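All figures in this text were calculated on a predicted structure; none of them were measured in a lab.
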Amino acid sequence: GAAISTAAHLAIGAAPGDETANEWLATTADTVQRAAPTAALELVDRALELADGDVASTRARQRARLDLLIQLGRLDEAVTLARALLELLGSELDAHERAALIGRAAGLLVLQRQADEGLSLLETGVEGIEDEGARARLIAQRAMVKVTVSDYAGAATDAEEAVAGTEVS
């Protein structure tokens, strides 16, 4: 509609570092994402081009991009982006943000019938997170993935460990 058209015109004339254009593109993408996810992805991609090294803006746009890729069913790209974000931002993310991103990537792998790889990602994630609440979240997700690979005993053990971890935090 009109919002997409206006954003497209704004994007054409904007230069890297133009915070106003960047925010407008991101806001428009957020507004139209349900009705026009492909257009929203294009707007987010343009906002990323304009971010020009702004870490906070880039991080927010990359998360929006991840959501849109998932919404569009572009799971290979979503997994690649989630892994890249973990590698690039891993140390900058707090434990809960990191756990959420690991969980999303693992969930995407399970959806792609790569449960073993998702399980491996969760196991590595659990080892690298000290916050008990964030660890418990990953352990609970790991338990669910173990059910998908028919490791019921492992799932039960993880479920117990996850509950114990939430009682501590």
Q. Can you find a heavy atom in the side chain of Thr157 that is under 4.5 Å from one in the side chain of Lys146?
A. no
Q.
How close do Leu121 and Ala105 get, counting heavy atoms only, and between which atoms?
A. CD2-CB, 3.5 Å
Q: Return the minimal non-hydrogen interatomic distance between Gln141 and Gly107, and the atom names on each side.
A: NE2-N, 3.7 Å
Q. Could you state the interatomic distance from CD (Glu49) to OG1 (Thr58), rounded to the nearest 0.5 Å?
A. 11.5 Å
Q: Specify the closest pair of heavy atoms between Ala115 and Val145, including all atoms of both residues, with the distance to one decimal.
A: O-CG1, 3.7 Å
Q. Is any side-chain heavy atom of Leu101 closer than 4.5 Å to a side-chain heavy atom of Leu66?
A. yes
Q | Side-chain heavy atoms of Asp158 within contact of Glu161, under 4.5 Å | A | yes
(Q) For a 4.5 angstrom cut-off between non-hydrogen side-chain atoms, does Thr148 reach Met144? (A) no
Q.
Is there a continuous path of hydrophobic side-chain contacts, each under 4.5 Å between heavy atoms, that joins Val147 to Leu122?
A. no
Q.
For Arg98 and Asp131: C-alpha separation, side-chain torsions, deciding distance, then whether side chain to side chain contact (heavy atoms under 4.5 Å, CB included) applies.
A. CA-CA 11 Å; Arg98 185 167 171 74; Asp131 179 274; over 6 Å; no
Q) What are the two closest heavy atoms between Val32 and Ala40, and how far apart are they? A) CG2-CB, 4.0 Å
Q | Closest contact, heavy atoms only, His96 versus Gly133 | A | CE1-C, 4.0 Å
(Q) To the closest 0.5 Å, what do you measure between CG (Leu85) and CZ (Arg63)? (A) 8.0 Å
Q: Answer with yes or no whether the hydrophobic clustering places Leu108 together with Leu88; edges join I, L, V, M, F, W, Y residues whose side-chain heavy atoms lie under 4.5 Å apart.
A: yes
Q: Apply side chain to side chain contact (heavy atoms under 4.5 Å, CB included) to the pair Leu109 and Arg83, showing each step before the final yes or no.
A: CA-CA 11 Å; Leu109 288 164; Arg83 285 184 165 168; 3.4 Å; yes
Q.
Taking the side chain as everything from C-beta on, heavy atoms only, tell me whether Val44 gets closer than 4.5 Å to Gln33.
A. no
Q: Calculate, to the nearest 0.5 Å, the distance between atoms CG and CG belonging to Leu86 and Leu81 respectively.
A: 9.5 Å
Q) Can you check whether Leu48 reaches Asp45 side chain to side chain, under 4.5 Å on heavy atoms? A) yes
**Q.** Validation row: Asp30, Thr27 side chains within 4.5 angstrom (heavy atoms)
**A.** no
Q | Spatial distance of atom CZ (Arg61) from atom CG (Leu43) [nearest 0.5 Å] | A | 11.5 Å
Q | Nearest non-hydrogen partners of Ala47 and Asn22, listed with the distance | A | O-ND2, 2.9 Å
Q) Does CD belonging to Gln112 count more than 12 external heavy atoms closer than 6.0 Å? A) yes
Q) Looking only at atom types and distance, does a side-chain atom of Ser120 sit under 3.5 Å from a main-chain N or O of Asp116, one as donor and one as acceptor? A) no
Q.
Looking at Arg135 and Glu130, would you say the former's side chain and the latter's main chain have a donor-acceptor pair under 3.5 Å?
A. no
Q: Measure the shortest side-chain to side-chain distance between Arg137 and Ile102 over non-hydrogen atoms and say whether it is less than 4.5 angstrom.
A: no
Q. How long is the span from the CG atom in Leu69 to the CG atom in Leu41, to the nearest 0.5 Å?
A. 5.5 Å
Q | Straight-line distance of Arg65 CZ to Glu77 CD, nearest 0.5 Å | A | 6.0 Å
